[in-house]
Amino acid sequence: DEAIVRLAVADGPTRIRELVRLGVRFSGKGKVPQLGLEGGHSQRRILHAGDLTGKEIERALVRAARRSRRIKIFENHTCVDLILARPDLKVPLERNRALGAYVLDNRSGRVKAFAAKATVLATGGAGKVYLYTTNPDIASGDGMAAAYRAGVPLVNLEFVQFHPTCLYYPGGFPSGGAEGRRFLLTEALRGEGGRLVRKDGTPIMEGVHPLKDLAPRDVVARAIDAEMKRTGAECVFLDMTKRSRAYLSRRFPNIWRHLSALGLDMSKTPIPVVPAAHFFCGGVQTDADGATALPGLFAIGETAHTGLHGANRLASNSLLEGCVFAHRAFSRIRGQWQDIRRERLPPAPRWNSGKAVPSDEAVVVRQDWDEVRRLMWNYVGIVRTDRRLKSALERLRVIRREVETYYRKFLLTRDLIELRNIAILGELLVVSALSRRESRGLHYTLDRPKPVEAQRRDTWVGRRGARSLDCVQWKA
């Protein structure tokens, strides 16, 4: 959406200056920033903080939030669902209202009602829908799924970006971590001269794209996927050996430390890499201020679909998007604040009541969890076909019904809530992919490998009423 892109670019410098005022320390000398180059970019334009930019921004913002007397932070809490003025969804969306959220205290097991004049979903993406992801463990699409259950449309879920270069380390990480997690190797490595090569050192991207190793992520990820399938190799390699040890340890200190702990010296030996699910370009449909079609509900960051990312996403735009649209949502809420009246909450559902029992079938829940993620990875990954998508949809609908039974019967836990969310989002993603009868951007199908102009539109999925979880497409 060109208007949204122009808005983000215009608002970006002010938001970046605000981050600096809040204490974010970007790399550079004095007032001269060090700019990075990444895939698909023609100029060095990326402000960064070494190779931990997101962590540095988070550090400064968390510190500022903890110092504010007007902000209260509840850690170890998980969103269960939104509180609606009409939970039965029997009124049009614009006549309903979000009144807050039901939230599980993970430690006590109690569900609390948080009432709010305005509710903002900022729960990140849904990388945990896939077996292999660069995302943290909490990225299970909680905000997207809660919005869907409240009747808010989700848009363009089929466009999932796979990061081409995640560390492949079959021996497991000494620091532990969940199965399937991969350590992200920033695209800036290729911006600083890194090349993707086969085991024998021959280049992979030669002849694939004019930009070679700096081609857009979807092109690089598909090339690696094709190479691995063609040869049966478990990984390919990222060769940084043309750069010195001193330069690499200074420019990429976090990556250098992590690889060194595994006994890998990237100045001497190419790094084994594989693609992994990275970023959802789709999400909860919002306007330019993060407002959804449900009054009182906003969504920002990867949870939202603002239009900034279309069928693809350039590297290193997500932090900018988060800053710009968080501020716009704040400004919109502030402007409406005096006109919003607090409403009485409807009777709360009886979660974890005397009727609910502890699950004695945790192994079944774990089986469903693993099956969803493996299905999505094997059938709904970088390259898709109608046959695989239809097979995945058939099984996902069975799993989702099983999970809904567990949800109604057993005591709530974070694992059960997250399983419910990834089961719903997996199904919605597949339905969205099946409805797009072409290849475009991050959605690539062998059955229709070219884009079709008539399909140049958004894919919408939503609920068909209070009880049905069927998926419906609207043409936008």
Side-chain angles (χ1 to χ4, degrees), residues 1-10 39-42 125-126 144 147-148 152-164 208-211 215-223 225 277-293 299 302-315 317-318 320-321 324-325 380-390 392-393 425 427-462 471-476:
D1 184 331
E2 183 176 337
I4 294 293
V5 174
R6 289 186 178 278
L7 182 154
V9 171
H41 298 174
S42 57
M144 296 182 198
Y148 168 76
V152 180
L154 305 183
V155 178
N156 291 350
L157 291 182
E158 69 270 33
F159 298 128
V160 180
Q161 186 174 69
F162 288 78
H163 199 289
V208 175
H209 191 278
L211 293 176
R217 284 178 181 171
D218 62 309
V219 176
V220 180
R222 280 200 300 273
D225 182 69
H278 185 58
F279 192 93
F280 271 63
C281 289
V284 181
Q285 178 67 3
T286 71
D287 65 13
D289 296 329
T292 73
E302 194 175 347
T303 306
H305 173 265
T306 62
L308 183 67
H309 316 293
N312 210 328
R313 168 181 169 259
L314 271 178
N317 283 336
S318 58
L320 177 70
E321 181 187 30
V324 167
F325 291 96
V380 199
I382 298 169
V383 176
R384 301 161 182 177
T385 66
D386 283 353
R387 183 182 62 80
R388 290 203 296 260
L389 289 173
K390 288 174 182 176
L393 183 60
L425 284 172
E427 181 180 337
L428 295 176
L429 195 162
V430 174
V431 168
S432 297
L434 281 168
S435 74
R436 185 164 292 283
R437 314 292 288 174
E438 62 165 354
S439 289
R440 185 180 295 277
L442 298 167
H443 171 70
Y444 185 84
T445 170
L446 293 175
D447 297 311
R448 281 166 292 278
K450 296 188 185 225
V452 177
E453 188 58 29
Q455 289 268 309
R456 191 184 177 93
R457 57 171 175 79
D458 291 331
T459 306
W460 295 51
V461 289
C471 306
V472 185
Q473 284 79 51
W474 291 276
K475 289 184 180 179

Handout entry: Separation between OG of Ser439 and CG of Leu446, rounded to the nearest 0.5 Å
Key = 7.5 Å
Exercise for the section: Kindly write out the residues that satisfy side chain to side chain contact (heavy atoms under 4.5 Å, CB included) with Ala433, not counting sequence neighbours, or none if the list is empty. Expected result: Glu158, Arg384, Leu389, His443
Practice task
Taking salt bridge (Lys or Arg N to Asp or Glu O under 4.0 Å) as the test, write out the residues that go with Glu2, two or more places apart.
Solution key: Arg6
Practice task
For Phe162, check ring-ring contact (aromatic ring centres under 6.0 Å, His included) against everything at least two apart and list the hits.
Solution key: Tyr130, Trp377
Problem - Partner residues of Asp289 under the side chain to side chain donor-acceptor pair (under 3.5 Å) criterion, sequence neighbours left out - result: Arg328, Arg332
Practice task
Please identify each residue that fulfils side chain to side chain contact (heavy atoms under 4.5 Å, CB included) with Val219, with sequence neighbours left out.
Solution key: Met205, Val208, His209, Ala215, Pro216, Arg222
Practice task
Using the test side chain to side chain donor-acceptor pair (under 3.5 Å), find all partners of Thr303 that sit at least two apart in sequence or belong to another chain.
Solution key: Thr123
Practice task
Give, for atom CZ of Phe159 and atom CG of Asp218, the distance between the pair rounded to the nearest 0.5 Å.
Solution key: 11.0 Å
Fill in the blank from the handout: Residue set satisfying side chain to side chain contact (heavy atoms under 4.5 Å, CB included) with Gln285, at least two apart, ordered chain then number -> Val155, His305, Trp460
Completion exercise
Hits for salt bridge (Lys or Arg N to Asp or Glu O under 4.0 Å) against Glu438, two or more places apart or cross-chain, chain-then-number order -> Arg436, Arg440
Problem - Distance, nearest 0.5 Å, that separates CZ of Arg217 from CG of Leu314 - result: 9.0 Å
Exercise for the section: Output, in order, the C-alpha distance, side-chain angles, deciding distance and verdict of side chain to side chain contact (heavy atoms under 4.5 Å, CB included) for Arg313 and His278. Expected result: CA-CA 11 Å; Arg313 168 181 169 259; His278 185 58; 3.9 Å; yes
Practice task
Kindly compute the distance separating CG (Leu154) from CG (Leu429), expressed to the nearest 0.5 Å.
Solution key: 10.5 Å
Practice task
Using a 4.5 Å cut-off on heavy atoms from C-beta on, say whether the side chain of Cys281 contacts that of Leu442.
Solution key: yes
Fill in the blank from the handout: When rounded to the nearest 0.5 Å, the distance separating OG1 of Thr385 from OH of Tyr444 is 12.0 Å
Problem - Expected output: side-chain Arg456 to main-chain Pro451 donor-acceptor under 3.5 Å - result: no
Practice task
Using the test side chain to side chain contact (heavy atoms under 4.5 Å, CB included), find all partners of Val5 that sit at least two apart in sequence or belong to another chain.
Solution key: Val9, Leu308
Exercise for the section: Could you pull out all residues at least two apart from Thr292 that satisfy side chain to side chain donor-acceptor pair (under 3.5 Å)? Expected result: none
Practice task
For Arg448, enumerate each residue passing the side chain to side chain donor-acceptor pair (under 3.5 Å) test, keeping only those at least two apart in sequence or located in another chain.
Solution key: Asp386
